[in-house]
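In what follows, a single structure is set out as structure tokens and then discussed.
The figures that follow rest on heavy atoms only: side chains count, while hydrogens, waters and symmetry mates do not. Residue numbers start from 1 in every chain, and the chains themselves are labelled A, B, ... in the order their sequence lines are given, proteins ahead of strands.
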2 protein chains.
Amino acid sequence: MATKKKTTIKDIANVLGITPSAVSKALSNHPRISDKTKTAVLQIAQNLNYQPNHLASALRKGKSNLVGVIIPKANSHFFSSIIEKIEEVLNEKGYNVIIAQSNESYKKECKSIDALLYTQVDGIIASMANETVKLDYYEKIKSKGIPLILFDRGENDLNVDYVGIDDYLSSHLVIEHLVEQGCKRIAHIAGFSHTRIYKNRIRGYRDALEKFGLPIEESLIIESNLRIEDGRRIMNQLLGLKNRPDAVYAAGDYAALGALQVLQENHINVPEDIALVGFTNEPFTSLVTPSITSVEQHSEQIGKVAAETLLMRLDSPNEKVSLNKLILPAELIIRSSSKKLA
Amino acid sequence: MATKKKTTIKDIANVLGITPSAVSKALSNHPRISDKTKTAVLQIAQNLNYQPNHLASALRKGKSNLVGVIIPKANSHFFSSIIEKIEEVLNEKGYNVIIAQSNESYKKECKSIDALLYTQVDGIIASMANETVKLDYYEKIKSKGIPLILFDRGENDLNVDYVGIDDYLSSHLVIEHLVEQGCKRIAHIAGFSHTRIYKNRIRGYRDALEKFGLPIEESLIIESNLRIEDGRRIMNQLLGLKNRPDAVYAAGDYAALGALQVLQENHINVPEDIALVGFTNEPFTSLVTPSITSVEQHSEQIGKVAAETLLMRLDSPNEKVSLNKLILPAELIIRSSSKKLA
DNA sequence: TATATTTGTTTCAACGTTTGAACAAAAATA
DNA sequence: TATTTTTGTTCAAACGTTGAAACAAATATA
């Protein structure tokens with residue numbers, strides 16, 4: 001059971017009595033190699049169970065064919081389906097994907113970036129941690145000339161390709177829907193406004209209220225990490241107001257779920273007393289009772305476009321193609337939690 | 001903005017007028033290199049923003065410091081927290097982690113294994129796809145002498161280290177609890193019995209029923225993929241029986257959730273009419289109404305042990321340490337869906 | 001003082017693959 | 001037949017790092 005010596009290109013060459021170089025060329029289907037040698041090489045490669053040494057070829061070619069993907073946390077449908085799609089598109093083109101989770105921590109994110117750079121990835125696709133404000137590590141990626149694509153959680157200041165949805169418009173969709181249901185005091189459980197997407201959702205929320213002639217009340221806008229516990233905390237806070245809202249628009253489904261729990265614990269009818277809308281259309285939104293209205297972001301589409309944009313950058317690294325800000329459409333999925341009218 | 005030539009060990013050597021070899025040794029803190037050179041090298045490395053070329057060193061050392069992790073799907077708390085822990089333990093020791101999702105597909109799993117082997121990972125930690133019955137690709141890993149650790153979804157026949165919980169005993173816990181609640185006809189929405197863990201849960205279920213003197217009825221045991229839709233389908237099937245069960249034990253939380261939906265749609269009271277228990281303790285089990293009783297598998301612990309076992313194998317590759325079958329304890333989390341007695 | 005040991009460095013080959021240049025043989029063209 | 005072109009291969013260097021062995025200088029031991 002001794003560790004079997006791995007078959008190399010040289011072994012194949014020896015068997016056939018030709019040079020390693022010829023074998024290499026045969027394997028990569030070089031035009032100047034005869035069909036006879038090519039088939040012979042392929043045959044022997046098969047027999048000896050030859051597996052190309054990726055490290056050697058990557059070193060020589062200066063290209064690892066590895067792509068890093070950084071996400072806050074894989075444990076949501078949104079991110080895991082994006083990854084799935086990214087893998088699908090990139091594998092197709094011979095790239096492998098390394099996934100790193102930041103766990104919403106800036107420090108972990110930095111470590112992940114370092115790890116990816118160390119592994120010599122050819123490109124990075126990332127969605128930033130909530131915590132991240134300093135962009136130094138992302139600048140580091142850029143300064144190394146490694147293509148960087150951001151999705152979902154992006155940052156304008158970085159000046160890199162970005163793929164996401166129109167958060168501003170999404171908020172409009174949400175508010176419009178709630179107004180149609182007769183809501184007049186709509187609270188917003190917001191994400192931190194230093195993150196672009198949440199800032200835009202807040203902006204959309206404000207502008208939409210204004211558009212519909214509703215007053216903007218600062219006490220109804222509360223920023224957080226949007227976890228379940230944040231939703232709970234903030235919902236309690238909102239219930240404590242002497243003038244309660246009649247609708248809550250959460251910028252994330254988990255926060256919406258936390259809010260729903262608190263509402264139910266307080267025997268407040270949803271949507272009759274307080275309507276509720278979330279964001280991201282996590283699968284559970286359709287599973288809880290009442291089901292939660294949410295915004296579908298078409299994650300597969302985001303993953304696909306992000307991967308394709310990266311491929312484009314990898315194929316033409318020097319070309320000064322104009323920066324892409326790809327804004328995909330979002331869709332409001334209306335469910336029981338906000339449907340006052342039959 | 002021309003692609004900056006990367007700094008190499010050679011550049012540092014040139015600056016200091018010493019050999020690349022000396023620099024290499026200085027960087028790896030070789031005892032024979034003087035402290036003077038060491039600090040000088042470190043200084044220059046810093047100045048030139050030197051980043052070691054992992055590919056070159058991996059090639060030379062025959063070790064990539066990369067570990068592959070294969071999971072069915074990241075989008076569950078169970079798997080994502082295991083990954084988090086694995087990353088934590090392995091990063092600590094200088095390893096980076098590549099995550100591959102099989103999406104429960106045998107074909108995708110094979111592709112992932114090939115990709116990981118191609119990337120020259122030093123070891124693989126995997127949980128098998130539901131679909132997987134043929135073990136040829138896992139044998140391939142073994143035959144290459146690459147350490148393989150299985151967790152959760154394992155296979156006895158492979159003869160490799162395994163980390164998981166005591167599924168057999170877990171089923172006993174579940175049945176015992178249901179019997180205590182007065183249930184007499186307990187159905188089992190099972191996983192496919194070709195997978196070890198599900199086989200053991202079924203075995204535990206049968207033996208526990210016997211132990212409590214309850215009859216085993218084959219029509220109450222139905223195997224599936226345990227997705228929400230499977231839970232729905234099977235629950236409908238169970239409701240169609242002329243003699244309905246008074247409790248349902250699902251071998252997965254998603255299946256349990258599907259069952260719960262169908263029960264609610266049919267206005268069957270849970271737990272009064274039919275009690276329900278799931279498995280894995282996914283976060284949503286505590287979030288739905290009624291909250292679902294489930295089995296907590298201590299995923300961080302599984303991740304930790306799996307990673308540590310791999311490290312052990314990597315450290316002493318030849319040592320014929322006896323195979324580890326690490327069976328960790330599981331815990332029944334009792335919630336509303338099964339609590340008939342106050 | 002002669003010899004042995006330690007210290008700090010260099011030399012050199014290797015890891016496995018790739019690629020441009022060189023070359024010989026075969027085929028095409030004059 | 002002489003020359004050019006094409007075809008199929010080999011040669012040699014390179015990618016960046018590493019580590020065993022060689023070596024010289026400095027230090028310790030006899």
Side-chain angles (χ1 to χ4, degrees), chain A residues 3-42 44-45 48-66 94 117-122 144-145, chain B residues 3-42 44-45 48-66 94 117-122 144-145:
Chain A
T3 327
K4 303 178 183 162
K5 206 78 189 63
K6 289 204 191 110
T7 324
T8 76
I9 236 172
K10 221 169 161 178
D11 299 324
I12 302 179
N14 287 339
V15 172
L16 292 170
I18 55 175
T19 7
S21 158
V23 176
S24 167
K25 289 187 171 108
L27 288 172
S28 57
N29 205 24
H30 188 108
R32 290 282 272 281
I33 296 291
S34 70
D35 288 348
K36 207 185 70 187
T37 353
K38 279 181 188 167
T39 49
V41 165
L42 250 40
I44 303 295
L48 299 185
N49 189 24
Y50 168 73
Q51 295 282 138
N53 185 324
H54 158 256
L55 296 170
S57 106
L59 173 60
R60 174 61 230 248
K61 297 207 278 198
K63 192 160 190 285
S64 70
N65 273 44
L66 253 31
L117 292 177
Y118 175 68
T119 317
Q120 316 267 111
V121 292
D122 292 336
K144 288 204 183 297
Chain B
T3 328
K4 302 175 183 162
K5 206 76 186 62
K6 287 203 192 110
T7 328
T8 75
I9 236 172
K10 220 170 163 178
D11 300 323
I12 302 178
N14 286 339
V15 173
L16 292 171
I18 56 175
T19 354
S21 163
V23 175
S24 166
K25 292 194 172 83
L27 288 171
S28 57
N29 204 23
H30 188 109
R32 291 281 273 281
I33 296 291
S34 69
D35 288 346
K36 207 184 68 185
T37 344
K38 279 181 187 167
T39 50
V41 165
L42 250 39
I44 303 294
L48 299 185
N49 188 27
Y50 168 74
Q51 296 282 139
N53 186 325
H54 157 257
L55 296 170
S57 109
L59 174 61
R60 175 60 229 252
K61 299 207 278 197
K63 191 158 189 288
S64 69
N65 272 43
L66 252 32
L117 292 178
Y118 175 67
T119 318
Q120 317 267 113
V121 294
D122 292 337
K144 287 203 184 298

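Rounded to whole angstrom, the span from the OH atom of A:Y50 across to the P atom of C:dG16 amounts to 10 Å. Atom NZ in B:K61 sits roughly 17 Å away from atom P in D:dG16 (whole-Å rounding). The CG atom of A:L16 sits 13 Å away from the C1' atom of D:dT9 (whole-angstrom rounding). Spacing between atom CG of B:L55 and atom P of D:dT17 amounts to 10 Å, rounded to whole angstrom units. Summarising the geometry, the separation between NZ on B:K63 and C1' on D:dT17 is reported as 16 Å, rounded to the nearest angstrom. In this entry the distance linking NE2 of A:H54 with P of D:dC15 reads 18 Å, nearest Å. Taking atom CG on A:N53 and atom C1' on D:dC15, their separation rounds to 13 Å, with Å as the unit. The CD1-P distance, from B:I9 to C:dA14, rounds to 20 Å in whole Å.
Looking at residues two or more places apart in sequence or on another chain, you find no side chain to side chain contact (heavy atoms under 4.5 Å, CB included) involving A:T39. Every residue two or more places apart in sequence or in another chain that forms a side-chain hydrogen bond (donor to acceptor under 3.5 Å, both in side chains) with A:K63 is listed here: A:N65, A:Y95. Residues satisfying the side chain to side chain contact (heavy atoms under 4.5 Å, CB included) criterion with A:L16, sequence neighbours excluded, are A:I12, A:I18, A:A40, A:V41, A:I44. Take B:D35 and apply the side-chain hydrogen bond (donor to acceptor under 3.5 Å, both in side chains) test, not counting sequence neighbours, and it matches no residue. Residues passing the side chain to side chain contact (heavy atoms under 4.5 Å, CB included) test with B:S28, sequence neighbours excluded: none.
Of the residues in residues 31-39 of chain A, A:R32, A:I33, A:S34, A:T37 come within less than 4.0 Å of DNA chain D through at least one heavy atom, sorted by number. Residues of residues 17-29 of chain B that place a heavy atom closer than 4.0 Å to DNA chain D, in numerical order, are B:S21, B:S24, B:K25.
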Please list, one pair per line, the donor and acceptor atoms closer than 3.5 Å that link side chains of residues 50-57 of chain A to other protein atoms, with sequence neighbours excluded.
from  : atom 1 : to     : atom 2 : distance (Å)
A:N53 : OD1    : A:L55  : N      : 2.8
A:N53 : OD1    : A:A56  : N      : 3.1
A:N53 : OD1    : B:Q120 : NE2    : 3.3
A:H54 : NE2    : A:S64  : O      : 2.7

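Stem regions for DNA chain D, each three or more consecutive Watson-Crick or G-U pairs with both distances under 3.5 Å and listed by first number, read C:1-30 with D:1-30.
When all heavy atoms of A:T7 and A:N49 are compared, the pair lying nearest together is OG1-O, 4.0 Å. Across every non-hydrogen atom of B:P20 and B:A13, the tightest pair is N-CB, 3.6 Å.
Applying the side chain to side chain donor-acceptor pair (under 3.5 Å) test to every pair with at least one member in residues 8-23 of chain A, sequence neighbours left out, gives these pairs: A:S21-A:K25.
The closest donor-acceptor contact from the side chain of B:K38 to the backbone of B:H30 lies under 3.5 Å.
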